[in-house]
Amino acid sequence: SSDLLAYTAAPCKGIRGPLARIRPRSARSGGPDCGPTYRLADYLEQSGRRARSSRLPPAGFWEAAVPFADVGDLTALAGAAESRGLLRDTARLRTRAAAQGDASAAARLIWHLHFPRPDKGAQWAAQAALDNLQGVADLLDALRKAGADQQTLTLATRAAAHAPVDKPYDVARLLYALWEADAEQQLLALASRAAAHAPLNDLYDVAELLYILQEVGAEEQTATLLGRDPAAHAPVNELYGVTEMLGALRKAGADQQALALATRAAAHAPLNDQNEVAAWQGALRKAGAAPSTTKIDRKSTRLNSSHLGI
């Protein structure tokens, strides 16, 4: 067999052979060690993708995918199996993904099974990776709706203590899931870390966090986040982010910060045509920052003059 593999790897007519040995990804695959790893040549892969795009892979493919597929590919494979009506293979692929810490896969299993086995629910709550906060929030929701109260509490406690807070939008989603689960202590713990340490370089994401902190009644954490003056840090080149932050600041009663943001946005907003001028004017007026549109009016005049060659 080694001679055959060497034969398929030999170059022919200036191109490499059908199979090439590559460095295995066993360090992150989570699967058993299956020996040397080979990759199909690009030209054959492209041709096969076109010729077989509408064909259903044979049963043996799915049987092999469950134990041997790379962990990072399990979610995509499960989605592909589900779209083809292969529900048993979908469940097997997601079960393995969940066992490797994929919170989203565990959530989808619970949604489809309606109630997890107690041992599986406990395993998923205790072992779910916390780097995908959207997945963790989905798993919290699924466990809560399934009535798995102890598992919900286990996951909520882990998330509150160890979930990263470097993505404010995802943190907001997780905070809302904790609030729905009545995990008040865990919610406040995560909110405190996020308010003090979440990055402030994206106005839209930080605005979502500020909104959620107010919605769930985290007053002290809201004050902490406002104390970091979130509107002063992020660039103002995106209209949607500016308007979302203006709304969140107004709702929090931080009128001075809202005014400062509106003034900065009016001074530095990227205006390349009259459509952008109109969009920024309308957004600032809607956010209660009408006085700041004066600078945009001046920019609009200059823009018109340049277009007319004046």
Side-chain angles (χ1 to χ4, degrees), residues 28-31 57 59 61-165 167 169-191 194 208 212 215-216:
R28 68 180 187 90
S29 69
F61 168 82
W62 304 105
E63 290 289 334
V66 173
F68 293 110
D70 187 272
V71 170
D73 296 329
L74 289 172
T75 297
L77 286 168
E82 186 174 35
S83 68
R84 291 164 172 80
L86 303 174
L87 301 185
R88 178 174 175 272
D89 294 311
T90 301
R92 295 178 66 206
L93 287 161
R94 286 192 175 132
T95 297
R96 183 176 162 228
Q100 298 295 328
D102 188 327
S104 293
R108 293 183 71 87
L109 280 169
I110 295 172
W111 289 333
H112 287 98
L113 299 175
H114 302 295
F115 190 85
R117 284 169 32 197
D119 59 328
K120 289 296 185 183
Q123 177 189 3
W124 296 337
Q127 297 181 2
L130 301 177
D131 53 346
N132 176 8
L133 300 193
Q134 295 278 355
V136 174
D138 287 343
L139 182 53
L140 272 173
D141 286 342
L143 289 168
R144 173 178 60 83
K145 291 174 181 177
D149 296 338
Q150 184 56 51
Q151 292 90 337
T152 302
L153 179 61
T154 297
L155 181 59
T157 301
R158 290 183 60 227
H162 303 295
V165 295
K167 296 179 180 178
Y169 184 91
D170 293 349
V171 173
R173 170 73 180 89
L174 181 54
L175 286 171
Y176 191 77
L178 290 168
W179 181 63
E180 288 195 314
D182 292 325
E184 181 179 358
Q185 181 178 350
Q186 291 82 0
L187 183 154
L188 293 177
L190 178 61
E208 288 301 303
I212 286 294
E215 186 170 346
V216 301

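We use all heavy atoms of the structure for the numbers below, so side chains are in, but hydrogens, waters and symmetry mates are not.
The ring pair (Phe, Tyr, Trp, His ring centres under 6.0 Å) search around Trp179 returns Tyr176, not counting sequence neighbours. Judged as a side chain to side chain contact (heavy atoms under 4.5 Å, CB included), and not counting sequence neighbours, the contacts of Ala80 are Trp62, Arg84. In this structure Asp141 satisfies the salt bridge (Lys or Arg N to Asp or Glu O under 4.0 Å) test together with Arg144, Arg173, sequence neighbours excluded. Every residue meeting the side chain to side chain contact (heavy atoms under 4.5 Å, CB included) condition with Ala194, not counting sequence neighbours, appears here in chain and number order: Val165, Val171, Leu209. For Arg158, the salt bridge (Lys or Arg N to Asp or Glu O under 4.0 Å) test picks out no residue, with sequence neighbours left out. Applying the side chain to side chain donor-acceptor pair (under 3.5 Å) test to Thr75 and every residue at least two apart in sequence or in another chain returns Asp102. Under the side chain to side chain contact (heavy atoms under 4.5 Å, CB included) criterion, Thr90 pairs with Ala78, Ala81, Glu82, Arg94, not counting sequence neighbours. Under the rule for a side chain to side chain contact (heavy atoms under 4.5 Å, CB included), the partners of Glu63 that lie at least two apart in sequence or sit in another chain are Arg88, Arg92. Residues meeting the salt bridge (Lys or Arg N to Asp or Glu O under 4.0 Å) test with Glu184, sequence neighbours left out: none.
Shortest non-hydrogen contact noted between Ala146 and Ile110 is CB-CG2, 4.0 Å. Of all heavy-atom pairs spanning Asn132 and Ser104, the tightest one is ND2-OG, 3.4 Å. Residues Thr152 and Ala181 share a closest heavy-atom pair of CG2-CB, 4.0 Å. In terms of heavy-atom proximity, Leu74 sits nearest to Ala69 at CD2-CB, 3.9 Å. Between Gln186 and Ala160, the closest heavy-atom pair is O-CB, 3.3 Å. Counting all heavy atoms, side chain and backbone alike, Ala105 lies closest to Ala98 at CB-N, 4.0 Å.
Residue pairs satisfying the salt bridge (charged side-chain N to carboxylate O under 4.0 Å, His left out) criterion with at least one member in residues 122-137, sequence neighbours excluded, are absent.
Atom NZ of Lys167 and atom CG of Leu133 lie 7.5 Å apart (nearest 0.5 Å).
Looking only at side-chain heavy atoms (C-beta outward), Phe61 and Leu77 come within less than 4.5 Å of each other. Inter-residue side-chain proximity for Leu153 and Thr157 is flagged as met; some heavy-atom pair is nearer than 4.5 Å. Residues Leu140 and Leu174 are in side-chain contact: their nearest non-hydrogen atoms beyond the backbone lie under 4.5 Å apart.
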